[in-house]
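Below is one structure; the comments refer to it alone.
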Amino acid sequence: MADYTQAGASGADTAAGASGADTLAGGDAGGADTAAGGGAGADTLAGGGAQDPWYSNPLFALEQDDKDYLATKNPASLKDTVANLRSFERQARDRNAVGLPQPERVLEWDGFEKLGLPKDIKNYALKLDGVEGYEPAEWKGLMDVLTPALHGAKVLPQQAELVVKALAKFGHDLKTSLDTASDKAVKDNDLRLRGEWGRDYDKNKALSQRAMAVLGVAEKDQTTLDAILGHAEMIEMFHKIGGMLSEDQMDISKDTAGQLTPDGARGERMRLEADKDFMASLKDPAHRLHQINSKRRSDLIAIESKRSVA
């Protein structure tokens with residue numbers, strides 16, 4: 001009886017305690033059944049069958065080309081595969097890693113080229129098309145100095161573009177502000193003169209223009225004349241000068257030597273009529289020199305008419 005009990009207990013131990021590892025090591029059909037019925041699934045997944053590699057298990061859902069790839073690497077287990085992947089990524093990072101520069105020797109750092117800084121300044125091209133306030137012709141002198149400075153300071157092209165864009169915007173906004181302030185000042189001064197001179201505004205301004213013409217300002221520099229006429233203080237000054245001159249002195253048909261001769265008047269008239277700006281003022285009644293130049297031409301014609309007829 002004792003022998004039977006012992007034998008039965010032994011069989012129970014064998015049936016109940018048979019480990020998945022022991023069964024898988026045997027590789028028989030009964031072991032597979034035991035693993036499927038109550039054995040450790042993790043052991044089965046990692047170990048696979050005796051005939052097929054572990055990665056062929058349907059649970060991995062691998063395509064055939066994936067299996068073929070793994071077959072060329074022949075990894076022992078899933079754990080080995082993960083370890084290999086980690087090692088590969090670590091080596092790839094180390095290979096592409098760029099060390100940090102020393103703060104006191106940053107310009108000597110060899111990583112700038114890897115970041116996109118051209119070694120040759122000829123290839124240091126900035127994309128500035130369409131940048132507000134940037135005009136290539138106007139900026140040429142500045143860029144001839146700024147470009148080598150930026151390249152020498154190891155400023156990447158995309159960073160240099162931001163610097164130039166900021167400078168261009170600043171210049172554009174400043175010019176706009178100054179132009180606006182200048183226009184406002186001219187308008188304010190003109191309004192002040194109109195208020196002070198009232199109905200005599202046009203007459204007094206015309207006297208200022210005649211005085212300028214007598215002094216040769218209009219002939220010497222049209223730009224200067226434009227600038228002067230835009231400032232009330234200068235208009236007032238020439239108005240005072242005009243009031244101090246006699247009508248004889250204000251007669252622009254005379255030169256420093258006195259009365260022009262008829263031939264001299266004819267030569268002067270022909271010279272003036274060859275001047276496109278002079279002729280434009282005659283044709284435009286709204287031109288600021290229309291009255292002055294019209295009178296000047298009439299005076300010259302009057303002198304010229306005194307020519308003796310042979």
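A search for ring-ring contact (aromatic ring centres under 6.0 Å, His included) contacts involving Phe112 returns Trp109, not counting sequence neighbours. For Tyr201, the side-chain contact (heavy atoms from CB on, under 4.5 Å) criterion is met by Asp190, Leu193, Arg194, Trp197, Lys205, not counting sequence neighbours.
For the pair Leu128 and Val164, the minimum side-chain heavy-atom distance is below 4.5 Å.
The backbone N or O of Thr176 sits less than 3.5 Å from a side-chain atom of Thr180, completing a donor-acceptor pair. Listed for the Gln159 side chain is a donor-acceptor partner under 3.5 Å among the backbone atoms of Leu156. No donor-acceptor pair closer than 3.5 Å links the side chain of Asp284 to the backbone N or O of Ala280. A donor-acceptor pair under 3.5 Å is formed between the side chain of Thr147 and the backbone N or O of Met143. With Asp66 contributing its side chain and Glu63 its backbone, the two residues share a donor-acceptor pair below 3.5 Å. Remark: side-chain polar atoms of His151 are paired, donor with acceptor, to backbone N or O of Pro118 under 3.5 angstrom. Checking side-chain atoms of Glu161 against main-chain N and O of Lys127 turns up a donor-acceptor pair under 3.5 Å.
Residues Val163 and Phe170 do not share a hydrophobic cluster, defined by chaining ILVMFWY side chains whose heavy atoms lie under 4.5 Å apart. Note on Leu115: it clusters hydrophobically with Ile121, by side-chain heavy-atom contacts below 4.5 Å among ILVMFWY residues. Both Val155 and Leu107 belong to a common hydrophobic cluster when Ile, Leu, Val, Met, Phe, Trp and Tyr are linked at side-chain heavy-atom distances under 4.5 angstrom. Linking Ile, Leu, Val, Met, Phe, Trp and Tyr whenever their side-chain heavy atoms come within less than 4.5 Å leaves Leu174 and Leu142 in two separate clusters. Two different hydrophobic clusters hold Tyr124 and Leu162 under the rule that ILVMFWY side chains link at heavy-atom gaps under 4.5 Å.
Nearest heavy-atom pair, Leu126 versus Pro157, reported as atom, atom and distance to 0.1 Å: CD2-O, 3.6 Å. The shortest non-hydrogen separation linking Tyr55 to Ala71 is OH-CA, 3.2 Å. Taking all atoms of both residues into account, the shortest heavy-atom contact from Leu62 to Lys67 is O-CE, 3.5 Å. Closest heavy-atom contact between Ser305 and Ala302: OG-O, 2.5 Å.
A salt bridge does not link Glu132 with Lys169: none of the charged nitrogens is closer than 4.0 Å to a carboxylate oxygen. Between Lys240 and Glu236 no salt bridge is recorded (no basic side-chain N to carboxylate O distance below 4.0 Å).
Atom CZ of residue Arg296 and atom CG of residue Leu282 lie 11.0 Å apart, to the nearest 0.5 angstrom. Remark: Asn293 CG to Asp277 CG distance equals 10.0 Å, nearest 0.5 Å. Between the CD atom in Glu135 and the NZ atom in Lys140 there is a gap of 15.5 Å [rounded to 0.5 Å]. The NZ atom of Lys73 sits 9.5 Å away from atom CG of Asn84, with the distance rounded to the nearest 0.5 Å. Here CG of Leu300 is found 6.5 Å from CG of Leu272. Values are rounded to the nearest 0.5 Å. Atom OG of Ser298 and atom CD1 of Ile303 lie 11.0 Å apart (nearest 0.5 Å).
For Asp68, the CG atom is densely surrounded, since the number of other residues' heavy atoms within 6.0 Å is greater than 12. The environment of Met279 atom CE is dense: over 12 non-hydrogen atoms of other residues, nucleotides or ligands sit within 6.0 angstrom.
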Please test Lys184 against Asp188 for salt bridge (charged side-chain N to carboxylate O under 4.0 Å, His left out), starting from the C-alpha separation and ending with a verdict. CA-CA 6 Å; Lys184 184 177 184 304; Asp188 290 346; 2.9 Å; yes
Salt bridge (charged side-chain N to carboxylate O under 4.0 Å, His left out) between Arg297 and Glu273, intermediate numbers included: CA-CA 9 Å; Arg297 184 172 181 273; Glu273 290 178 350; 2.9 Å; yes
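Classification of the Trp139-Tyr134 ring pair by plane angle, with boundaries at 30° and 60°, yields tilted.
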